[in-house]
*Asks:* 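Please find one structure pasted underneath; my questions will follow.
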Amino acid sequence: MTIDRSTPDLGSLYQEVILDHYKRPRNRGQVEPHDADVHMRNPSCGDEIRLQFRLEEGRVAEIAFTGDGCSISQASSSMMTDLVKGRTPEEALAIARRFTEMMHGEEEAATDKALGQSRVLKGVSRFPARVKCALLAWDAFQEGVKQTRGEAP
Ligand code: ZN
């Protein structure tokens with residue numbers, strides 16, 4: 001089976017932003033010391049993320065990721081880390097919920113400015129097979145918040 005790592009056609013402007021994050025990912029690397037350390041995969045596409053972050057004074061002080069995958073998963077990871085940095089976990093989780101709604105095709109969620117640049121990924125919702133690629137980083141973040149609260153297994 002071949003893995004399709006191509007970028008779905010989302011329009012050229014969106015494509016450009018996605019490829020920019022893919023080629024020059026923000027916040028790539030590791031965080032030491034960290035409060036959360038999550039490893040997640042998206043088997044349907046082969047994407048992988050390791051996400052680490054540290055909380056200071058109730059905010060995400062530092063966050064970084066490593067891993068490999070398609071342009072959508074990598075761009076989404078880059079955008080996610082940019083978006084949650086400096087926010088409280090509660091604020092960040094609210095954005096995660098909005099992003100998930102947008103990925104499930106909710107038009108109203110896609111107009112939420114809190115989603116910042118990640119709104120360029122809206123079009124991915126038209127490609128159900130790729131939605132998990134875009135959600136991987138956010139799922140990892142949500143798992144990380146559970147770790148910081150002692151809720152993770
Ligand atoms: Zn993918």
Side-chain angles (χ1 to χ4, degrees), residues 1-28 31 36-53 55 59-60 63-149 151-153:
M1 194 181 83
T2 52
I3 293 170
D4 176 20
R5 284 173 177 265
S6 62
T7 311
D9 184 12
L10 305 175
S12 57
L13 173 67
Y14 289 178
Q15 204 100 343
E16 225 168 272
V17 178
I18 290 164
L19 287 177
D20 178 58
H21 276 267
Y22 178 54
K23 289 177 186 158
R24 282 179 291 278
R26 294 18 162 205
N27 309 305
R28 216 178 144 80
V31 176
D37 183 358
V38 180
H39 183 216
M40 261 193 192
R41 296 161 157 278
N42 168 25
S44 62
C45 180
D47 309 317
E48 207 170 343
I49 185 172
R50 180 158 185 195
L51 179 72
Q52 298 178 326
F53 63 85
L55 300 176
R59 288 178 185 276
V60 179
I63 182 163
F65 73 100
T66 55
D68 194 18
C70 68
S71 56
I72 297 297
S73 70
Q74 297 302 296
S76 185
S77 302
S78 172
M79 291 173 190
M80 182 278 289
T81 53
D82 251 1
L83 270 173
V84 306
K85 200 186 247 180
R87 295 187 195 266
T88 67
E90 291 70 27
E91 289 166 349
L93 289 176
I95 298 174
R97 277 194 295 275
R98 280 314 244 176
F99 186 82
T100 306
E101 287 168 5
M102 180 176 79
M103 280 300 122
H104 291 150
E106 287 186 33
E107 290 295 328
E108 198 219 316
T111 64
D112 195 330
K113 288 193 167 59
L115 292 176
Q117 237 183 4
S118 74
R119 281 179 297 169
V120 300
L121 294 169
K122 172 182 184 278
V124 176
S125 65
R126 289 186 281 114
F127 302 85
R130 309 303 296 277
V131 166
K132 282 183 185 166
C133 305
L135 286 176
L136 181 66
W138 289 99
D139 289 347
F141 177 75
Q142 286 171 295
E143 198 58 35
V145 172
K146 285 186 191 166
Q147 276 186 10
T148 66
R149 292 171 173 173
E151 293 168 9

*Asks:* Any side-chain heavy-atom pair from Ile95 and Trp138 closer than 4.5 angstrom?
*Replies:* yes
*Asks:* Ile18 and Val120: side chain to side chain contact (heavy atoms under 4.5 Å, CB included), yes or no, with the steps?
*Replies:* CA-CA 7 Å; Ile18 290 164; Val120 300; 3.9 Å; yes
*Asks:* Who passes salt bridge (Lys or Arg N to Asp or Glu O under 4.0 Å) against Arg28, sequence neighbours left out?
*Replies:* none
*Asks:* Is the shortest distance from a Lys or Arg side-chain nitrogen in Lys122 or Glu106 to a carboxylate oxygen in the other one below 4.0 Å?
*Replies:* no
*Asks:* So which atom in Gln117 and which in Met79 form the shortest heavy-atom distance, rounded to 0.1 Å?
*Replies:*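 So the two residues come closest at O-SD, 4.0 Å.
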*Asks:* First locate atom CZ of Arg24, then atom CG of Leu19, and finally report the distance between them rounded to the nearest 0.5 Å.
*Replies:* 10.0 Å
*Asks:* Are Arg98 and Glu108 packed together at the side-chain level, in the sense that at least one heavy-atom pair is separated by less than 4.5 angstrom?
*Replies:* yes
*Asks:* Do Arg26 and Asp20 meet the salt-bridge criterion of a basic N to acidic O distance under 4.0 Å?
*Replies:* yes
*Asks:* Could you measure the distance from the NZ atom of Lys146 to the CD atom of Gln142? Nearest 0.5 Å is fine.
*Replies:* 7.5 Å
*Asks:* Kindly give the heavy-atom pair with the smallest separation between Val145 and Phe53, and that separation in Å.
*Replies:*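 So the minimum-distance heavy-atom pair works out to N-CZ, 3.8 Å.
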*Asks:* Determine whether Val60 and Arg87 satisfy the following criterion, side chain to side chain contact (heavy atoms under 4.5 Å, CB included), listing intermediate values before the conclusion.
*Replies:* CA-CA 6 Å; Val60 179; Arg87 295 187 195 266; 5.6 Å; no
*Asks:* Got a second to check how far Phe141's CZ is from Leu51's CG, nearest 0.5 Å?
*Replies:* 8.0 Å
*Asks:* Could you tell me whether the side chain of Arg59 and the main chain of Gly86 form a donor-acceptor pair under 3.5 Å?
*Replies:*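 Yes, Arg59 side chain to Gly86 backbone: donor-acceptor pair under 3.5 Å.
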*Asks:* If you look at every heavy atom in Ile49 and Ser77, which pair is closest and at what distance?
*Replies:*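 Where Ile49 meets Ser77 most closely, the heavy atoms are CD1-OG, 3.5 Å.
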*Asks:* Which value, rounded to the nearest 0.5 Å, describes the distance between Ser125 atom OG and Glu101 atom CD?
*Replies:*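 Taking OG in Ser125 and CD in Glu101, the distance rounds to 12.5 Å.
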*Asks:* For Asp47 and Asp68: C-alpha separation, side-chain torsions, deciding distance, then whether side chain to side chain contact (heavy atoms under 4.5 Å, CB included) applies.
*Replies:* CA-CA 6 Å; Asp47 309 317; Asp68 194 18; over 6 Å; no
*Asks:* To the nearest 0.5 angstrom, please state how far the CE atom of Met80 sits from the CG atom of Leu136.
*Replies:* 9.0 Å
*Asks:* Does Arg119 reach the main-chain N or O of Gly116 with its side chain, forming a donor-acceptor pair under 3.5 Å?
*Replies:* yes
*Asks:* Side chain to side chain contact (heavy atoms under 4.5 Å, CB included), that's the test. Do Leu135 and His104 meet it? Break it down for me.
*Replies:* CA-CA 10 Å; Leu135 286 176; His104 291 150; 4.2 Å; yes
*Asks:* With rounding to the nearest 0.5 Å, note down the distance linking OG1 in Thr66 to NE2 in His39.
*Replies:*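 Spacing of OG1 (Thr66) from NE2 (His39) equals 8.0 Å.
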*Asks:* Locate the shortest heavy-atom distance separating Met40 from Asp139; write the atom from each residue and the value.
*Replies:* CE-O, 3.6 Å
*Asks:* Might you point out which heavy atoms bring Val124 and Ala134 nearest each other, and give the distance in Å?
*Replies:* CG1-CB, 4.4 Å
*Asks:* Can you confirm whether Asn42 sits close enough to Ser73 that some side-chain heavy atom of one is under 4.5 Å from a side-chain heavy atom of the other?
*Replies:* no
*Asks:* Is Arg149 salt-bridged to Glu90, cutoff N-O under 4.0 Å?
*Replies:* yes
*Asks:* Might you point out which heavy atoms bring Gln74 and Gly69 nearest each other, and give the distance in Å?
*Replies:* NE2-N, 3.3 Å
*Asks:* Is the count of non-hydrogen atoms from other residues, nucleotides or ligands lying under 6.0 Å from Phe127 atom CZ greater than 12?
*Replies:*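 Above 12, so yes.
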